[in-house]
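What's counted below: heavy atoms across the whole structure, side chains too, no hydrogens, waters or symmetry copies.
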Amino acid sequence: MTSRLVHGARLWKWGRLLARHGALMGIERDPLTPTPLRRVVRLARLGFRVPKEPRYADALEAIGPAAIKFGQALATRPDLVGEAAAIDLYRLQDALPPVPFPLIRASIEQALGRPLEELYASIDEVPVGAASIAQVHRAVTTEGRHVAIKVLRPGVEQDFARAIDTYEWAAAQAEHMGGEIGRLRPRLVVATFKQWTARELDLRREAASASELARGMLAEPGFHVPTIDWQRTARRVLTLEWLDGVKLSDMAGLEAAGHDRKALAATLVRVFLRQAIGEGFFHADLHQGNLFALPDGRIAAIDFGIMGRINRQARVWLAEILHGLITGNYRRVAEIHFEAGYVPAHHNLDEFATALRAVGEPIRGLPVKDISIGQMLDGLFSITRDFDMPVQPHLLLLQKTMVMVEGVATGLDPDINMWDVAAPFVGEWLRGELGPEAFLADRVYEVARLVRRIPDLIERIDLAFPHPGAAPPPPPLPEVQLVHVGGGWRYGAVALLAAAIGALLMRLIG
């Protein structure tokens with residue numbers, strides 16, 4: 001187990017790296033920053049010549065791959081971090097220093113168990129992209145197919161393990177403080193992040209996710225998933241179809257290729273809604289570096305390491321929430337939050353609906369460029385605080401991806417109205433899921449499931465109530481008058497028992 005001193009040293013080192021690159025200047029200059037925190041920030045930058053302009057990408061790159069993943073998400077939101085910061089953070093997507101090719105060659109041969117020449121007719125030693133976890137090389141297989149080879153960076157698993165270990169420790173210390181930090185449940189958030197990275201560090205699981213997503217998206221002709229070369233894929237190496245397209249971040253390239261940026265933005269939003277609401281399985285890392293416009297106008301995605309899943313009930317709730325916000329039915333949105341347990345039951349439903357209206361009405365029907373994201377987020381955070389809404393870690397991937405998709409879509413089309421694009425799909429899906437045909441189909445399924453359980457139920461009843469011949473009948477029992485203990489004694493005993501159980505539980509979980 002890592003000691004507290006090691007965790008503290010890591011956190012201090014990361015803070016110093018952020019301060020050295022000017023990434024903490026905003027916190028230091030913010031008048032709302034608590035005085036003790038401002039003093040710590042000033043102490044962290046002692047001895048450094050802080051640059052005039054913050055270098056966020058350099059700071060996160062110096063900290064390590066886990067911090068880089070965080071910076072990649074922020075790069076999609078210039079409306080939150082500012083245009084200059086977003087431009088600086090964007091190079092974290094796939095413009096990191098590459099690993100020397102001899103190390104990459106050794107990794108491929110070790111993972112696939114064969115010499116490189118037996119697998120590929122040619123391979124470009126200069127990578128086409130180098131990201132926080134892996135880098136990609138273009139190659140041609142011995143059969144003549146053009147492919148991309150994704151290879152994990154050497155030692156990346158150990159880097160993530162050390163960082164997450166300290167994240168867990170820091171989250172536990174913060175959550176122990178209670179209050180607002182406790183409501184945000186940082187330990188569960190870090191645990192969810194740990195699950196994401198475990199999947200992302202096994203390229204076989206990424207290949208399987210791509211294959212599953214491709215099957216689920218057959219109904220969406222505007223989206224393409226590259227084909228996997230399973231014979232050249234292992235835990236640390238992934239080989240897949242090469243894509244000739246233009247990255248959605250390359251606005252000049254999109255214009256030169258004749259792509260309709262408004263159509264691409266609408267397609268991206270519809271594709272995400274089909275994945276998240278229609279299929280319940282979605283690509284959860286849809287930043288600009290992972291999306292391409294193909295010559296025929298379709299959008300193609302790469303990097304399937306982080307995928308999200310939502311069960312049917314949660315998808316129905318999500319669709320109803322979106323439909324309620326689109327149509328202004330804030331009471332139904334509030335009811336869903338209570339049904340799902342997102343808002344504690346002791347709060348008033350009508351008051352929650354009014355709070356939602358206060359946030360939703362000023363922005364409903366406006367293009368994203370006319371919406372004050374800062375005011376909207378401030379309103380949403382106030383609602384979660386006022387109504388004691390705990391963080392839902394199982395929905396963090398969805399929330400993160402929705403932010404990314406909105407950022408990419410508005411980059412393509414600043415005038416896009418997200419509600420107008422989402423309304424037809426969400427309405428049609430709800431009619432299909434909540435209409436009379438769907439209701440009848442659900443009832444038939446439930447009855448069939450109960451019928452299948454009848455033999456097992458009969459067997460368990462037979463075990464619980466054996467045939468009279470298996471045991472003699474019990475003798476008649478005499479009636480006995482019970483002694484009733486006074487109410488005060490009874491309540492005292494219950495209180496002592498509850499206290500004992502509570503102490504035991506605290507000892508077990510604490």
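- Between Phe101 and Ile123 there is a side-chain heavy-atom pair separated by less than 4.5 Å.
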His283 and Leu286: CA distance, side-chain angles, deciding distance, side-chain contact (heavy atoms from CB on, under 4.5 Å) verdict
CA-CA 6 Å; His283 191 305; Leu286 290 174; 3.5 Å; yes
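- By the 4.0 Å N-to-carboxylate-O rule, Arg105 lies too far from Glu125 to be salt-bridged with it.
- Ionic pairing of Glu220 and Arg270 is present here: one or more N-O contacts between side-chain nitrogen and carboxylate oxygen are shorter than 4.0 angstrom.
- Annotation: side chain of Val237 is in contact with side chain of Ile149 (closest heavy-atom distance under 4.5 Å).
- Side-chain atoms of Asp415 and Lys262, non-hydrogen and from C-beta on, do get closer than 4.5 Å to each other.
- Ion pairing between Arg309 and Glu212 holds under the 4.0 Å rule for side-chain N and carboxylate O.
- Between Ile299 and Leu294, every side-chain heavy-atom pair lies at or beyond the 4.5 Å cut-off.
- Between the side chain of Gln135 and the backbone N or O of Pro127, no donor-acceptor pair lies under 3.5 Å.
- When all heavy atoms are compared, the tightest approach of Phe223 to Ala301 is CZ-CB, 3.7 Å.
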Derivation of the side-chain contact (heavy atoms from CB on, under 4.5 Å) call for Trp230 and Ser211:
CA-CA 10 Å; Trp230 286 100; Ser211 177; 4.3 Å; yes
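- A salt bridge links Lys150 and Glu206; the closest N-O separation between the charged side-chain nitrogens and carboxylate oxygens is under 4.0 Å.
- Taking CG from Leu412 and CG from Leu264, the interatomic distance works out to 6.0 Å, rounded to the nearest 0.5 Å.
- Without hydrogens or angle criteria, Thr141 side chain to Arg145 main chain gives a donor-acceptor distance under 3.5 Å.
- Contact check on Arg235 versus Glu157 returns a salt bridge, with a Lys/Arg side-chain nitrogen under 4.0 Å from an Asp/Glu carboxylate oxygen.
- Ionic pairing of Asp58 and Arg20 is not present here: no N-O contact between side-chain nitrogen and carboxylate oxygen is shorter than 4.0 angstrom.
- By the 4.0 Å N-to-carboxylate-O rule, Asp413 lies too far from Arg261 to be salt-bridged with it.
- At least one donor-acceptor pair closer than 3.5 Å links the side chain of Asn290 to the backbone N or O of Asp285.
- For the atom pair OH of Tyr120 and CZ of Arg138, the computed distance is 14.5 Å after rounding to the nearest 0.5 Å.
- The ring of Tyr56 has its center no closer than 6.0 angstrom to the ring center of His21.
- Annotation: Glu117, atom CD; neighbour count of heavy atoms from other residues, nucleotides and ligands within 6.0 Å is above 12.
- Taking CD1 of Ile108 as the start and NE2 of His137 as the end, the distance is 6.5 Å to the nearest 0.5 Å.
- Counting all heavy atoms, side chain and backbone alike, Ala148 lies closest to Val136 at CB-CG1, 3.9 Å.
- For Trp242 and His146, the gap between ring centers reaches or exceeds 6.0 Å.
- Using cut-offs of 30° and 60° for the angle between ring planes, the Tyr167 and Trp14 rings count as perpendicular.
- The CG atom of Leu119 sits 8.0 Å away from atom OG1 of Thr239, with the distance rounded to the nearest 0.5 Å.
- The shortest side-chain heavy-atom distance between Val408 and Leu291 falls under the 4.5 Å cut-off.
- Contact record, Pro51 with Gly22: CD-N, 4.1 Å, taken as the closest heavy-atom pair.
- The pair Asp296-Arg298 counts as a salt bridge, with a side-chain nitrogen and a carboxylate oxygen less than 4.0 angstrom apart.
- A salt bridge does not link Asp202 with Arg236: every distance from a Lys NZ or Arg NE/NH1/NH2 to an Asp or Glu carboxylate oxygen is 4.0 Å or more.
- Arg232 and Thr142 share a side-chain donor-acceptor pair at under 3.5 Å.
- Contact check on Arg162 versus Asp165 returns no salt bridge, with no Lys/Arg side-chain nitrogen under 4.0 Å from an Asp/Glu carboxylate oxygen.
- Side chains of Leu238 and Ile228 form a contact here, defined as non-hydrogen atoms less than 4.5 Å apart.
- A distance of 8.0 Å separates OG in Ser249 from CG in Leu254, rounded to the nearest 0.5 Å.
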Given the rule in the side-chain contact (heavy atoms from CB on, under 4.5 Å) test, do Lys194 and Phe160 qualify, once you have shown the distances and angles that lead to the verdict?
CA-CA 9 Å; Lys194 186 176 182 179; Phe160 261 91; over 6 Å; no
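- Within a 6.0 Å sphere centred on CD of Glu118, heavy atoms belonging to other residues, nucleotides or ligands number more than 12.
- Summarising the geometry, atom CG belonging to Leu152 is positioned 6.5 Å from atom CG belonging to Leu201; distances are rounded to the nearest 0.5 Å.
- Between Ala257 and Val246, the shortest heavy-atom distance links the atoms CB-CG2, 4.3 Å.
- Closest non-hydrogen pair, Ala19 versus Val50, comes out as O-CG2, 3.7 Å.
- Scanning both residues, Gly8 and Trp169, for their nearest heavy atoms gives N-CZ3, 4.3 Å.
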Steps toward side-chain contact (heavy atoms from CB on, under 4.5 Å) verdict (Ile63, Leu18)
CA-CA 8 Å; Ile63 292 175; Leu18 290 170; 3.9 Å; yes
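- The environment of CD in Gln110 is sparse: at most 12 heavy-atom neighbours from other residues, nucleotides or ligands sit within 6.0 Å.
- For the pair Asp124 (side chain) and Val126 (backbone), a donor-acceptor distance under 3.5 Å is absent.
- Remark: side-chain polar atoms of Arg16 are paired, donor with acceptor, to backbone N or O of Ala44 under 3.5 angstrom.
- Note: Phe292 and His224 fail the aromatic proximity criterion, with ring centroids not under 6.0 Å apart.
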